[in-house]
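For the single chain, residues carry numbers from 1 onward in sequence order.
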Amino acid sequence: MREIVVCIHGIWMKGWLMKPLAGYMTDFGHECRRFSYPSLRSSPQRNARRLGMFTDRLDADVIHFVAHSLGAIVLLHYFQIFDSPRPGRVVMLGPPLKGSGVAHFISRNVVLKHLTLGASSSSLLGNVPAWRGTRPLAVLAGTRGLGIGQMLGAPLERPNDGAVAVSETRVKSCTVHKLIPYSHTGMLLAKPVAAMIDEFLRTGNIT
């Protein structure tokens with residue numbers, strides 16, 4: 001049985017940002033594919049449809065998803081649009097599932113909102129589909145508050161990862177919700193985080 005892990009990046013990024021994490025996952029024995037999408041030019045709904053076309057081309061019996069930040073919102077839209085028959089587990093890293101306080105801060109300036117949030121602004125302000133709980137889900141929330149929120153002086157509830165507050169990552173029907181001592185971007189570069197993802201994809205739990 002062939003299993004593939006699809007890695008989905010966040011806002012302002014491309015698939016290359018997921019390369020270190022995908023590399024660790026490959027070392028752990030997983031076959032990974034990186035999905036890249038235009039986070040500012042297209043809405044999460046449209047990018048979810050792109051993700052659907054991407055996964056349709058994958059020759060796999062099981063498809064797992066590892067989504068960072070805005071990528072988790074794209075994934076929520078994906079599960080709302082598609083009812084994929086192929087099983088798999090889901091890991092979300094620093095996902096603003098209840099909207100982003102940093103995005104609300106940015107949106108006070110119309111020009112800045114357009115330049116930095118683009119077509120993703122509505123979702124980052126809280127307009128996201130509910131998690132349907134159809135698959136095992138692990139949410140990893142960072143607690144090292146170094147990131148764009150701090151740089152902009154945005155008020156962020158503590159603890160946070162510098163971009164997303166832990167409270168913004170909470171969701172019902174979550175199998176595992178775990179705090180990790182990494183920043184929003186730093187979690188993508190940390191092998192211990194990849195080890196947690198590996199454990200969840202293999203066992204459905206993180207010890």
Side-chain angles (χ1 to χ4, degrees), residues 3-15 17-18 21-22 25 30-58 60 62-100 103 117-142 161 163-164 168-178 184-185 187-188 193-194 196-197 200-201 204 206:
E3 299 186 17
I4 289 179
V5 180
V6 176
C7 300
I8 309 170
H9 64 84
I11 196 168
W12 309 322
M13 305 299 178
K14 292 294 182 182
L17 186 69
M18 303 299 284
L21 182 62
M25 297 301 295
H30 297 278
E31 183 178 352
C32 295
R33 296 289 185 273
R34 287 175 282 135
F35 172 66
S36 190
Y37 63 94
S39 61
L40 296 181
R41 296 197 315 272
S42 294
S43 69
Q45 295 95 322
R46 291 186 64 183
N47 287 322
R49 295 190 181 279
R50 288 187 173 96
L51 178 60
M53 292 186 287
F54 181 87
T55 57
D56 281 347
R57 294 193 295 268
L58 296 179
V62 175
I63 299 179
H64 303 295
F65 294 96
V66 178
H68 179 240
S69 194
L70 178 68
I73 293 177
V74 172
L75 198 54
L76 289 179
H77 283 285
Y78 168 84
F79 285 121
Q80 184 184 54
I81 297 169
F82 301 100
D83 185 18
S84 174
R86 288 183 281 186
R89 297 186 171 113
V90 177
V91 179
M92 296 180 178
L93 307 171
L97 301 176
K98 294 185 176 181
S100 164
L117 304 181
S120 295
S121 62
S122 177
S123 291
L124 288 171
L125 294 175
N127 183 23
V128 300
W131 169 245
R132 296 167 59 185
T134 55
R135 295 182 178 215
L137 168 66
V139 174
L140 303 184
D161 64 10
V164 177
E168 295 169 345
T169 68
R170 304 259 181 211
V171 65
K172 293 181 179 179
S173 303
C174 180
T175 311
V176 175
H177 188 278
K178 188 173 183 65
H184 195 65
T185 301
M187 63 179 69
L188 299 178
V193 174
M196 294 179 203
I197 297 171
F200 185 77
L201 296 186
I206 299 176

Novice: Listed by chain and number, what are the side-chain hydrogen bond (donor to acceptor under 3.5 Å, both in side chains) partners of Glu31, not counting sequence neighbours?
Specialist: Arg2, Arg33
Novice: Go through the structure and list residues passing side chain to side chain contact (heavy atoms under 4.5 Å, CB included) with Arg46, not counting sequence neighbours.
Specialist: Ser42, Ser43, Arg50
Novice: Could you state the interatomic distance from CG (Leu137) to CZ (Arg132), rounded to the nearest 0.5 Å?
Specialist: 14.0 Å
Novice: How long is the span from the CD1 atom in Ile8 to the CZ atom in Phe54, to the nearest 0.5 Å?
Specialist: 8.5 Å
Novice: Compare every heavy atom of Cys32 with every heavy atom of Ala22, then report the nearest pair and how far apart it is.
Specialist: O-SG, 3.9 Å
Novice: Could you check if a side-chain atom of Asn47 sits within less than 4.5 angstrom of a side-chain atom of Leu51, using non-hydrogen atoms only?
Specialist: no
Novice: Pairs under 3.5 angstrom only: tabulate donor-acceptor contacts from the side chains of residues 62-78 to other protein residues two or more places apart or in another chain.
Specialist:
unit_1	atom_1	unit_2	atom_2	d
His64	ND1	Arg89	N	2.8
His64	NE2	Glu3	OE1	2.9
His68	NE2	His184	O	2.7
Ser69	OG	His184	NE2	2.9
Tyr78	OH	Thr55	OG1	3.3

Novice: Tell me if a side-chain donor or acceptor on Trp131 pairs with a main-chain N or O of Cys174 at a distance below 3.5 Å.
Specialist: no
Novice: Is there a side-chain contact between Met92 and Val171 (heavy atoms, below 4.5 Å)?
Specialist: no
Novice: Not counting sequence neighbours, which residues clear side chain to side chain contact (heavy atoms under 4.5 Å, CB included) with Thr185? List them please.
Specialist: none
Novice: Between Leu93 and Ile197, does a side-chain contact (heavy atoms from CB on, under 4.5 Å) hold up when you go through it step by step?
Specialist: CA-CA 10 Å; Leu93 307 171; Ile197 297 171; 4.1 Å; yes
Novice: Do you know which two heavy atoms are closest between Ala48 and Ile81, and how far apart they sit?
Specialist: CB-CD1, 4.0 Å
Novice: Name all residues meeting the side chain to side chain contact (heavy atoms under 4.5 Å, CB included) criterion together with Ala138; count only those two or more places apart in sequence or in a different chain, and write none if there are none.
Specialist: Val91, Val176, Phe200, Ile206
Novice: Hey, could you give me the CZ/CZ distance between Phe82 and Arg49, rounded to the nearest 0.5 Å?
Specialist: 6.0 Å
Novice: Out of curiosity, Lys172 NZ to Leu97 CG, how far, rounded to the nearest 0.5 Å?
Specialist: 13.5 Å
Novice: Report yes if some heavy atom in the side chain of Thr169 is under 4.5 Å from a heavy atom in the side chain of Asp161; otherwise report no.
Specialist: no
Novice: Who pairs with Arg135 by salt bridge (Lys or Arg N to Asp or Glu O under 4.0 Å), at least two apart in sequence or on another chain?
Specialist: none
Novice: Distance check, rounded to the nearest 0.5 Å: His177 atom NE2 versus Leu140 atom CG?
Specialist: 8.5 Å
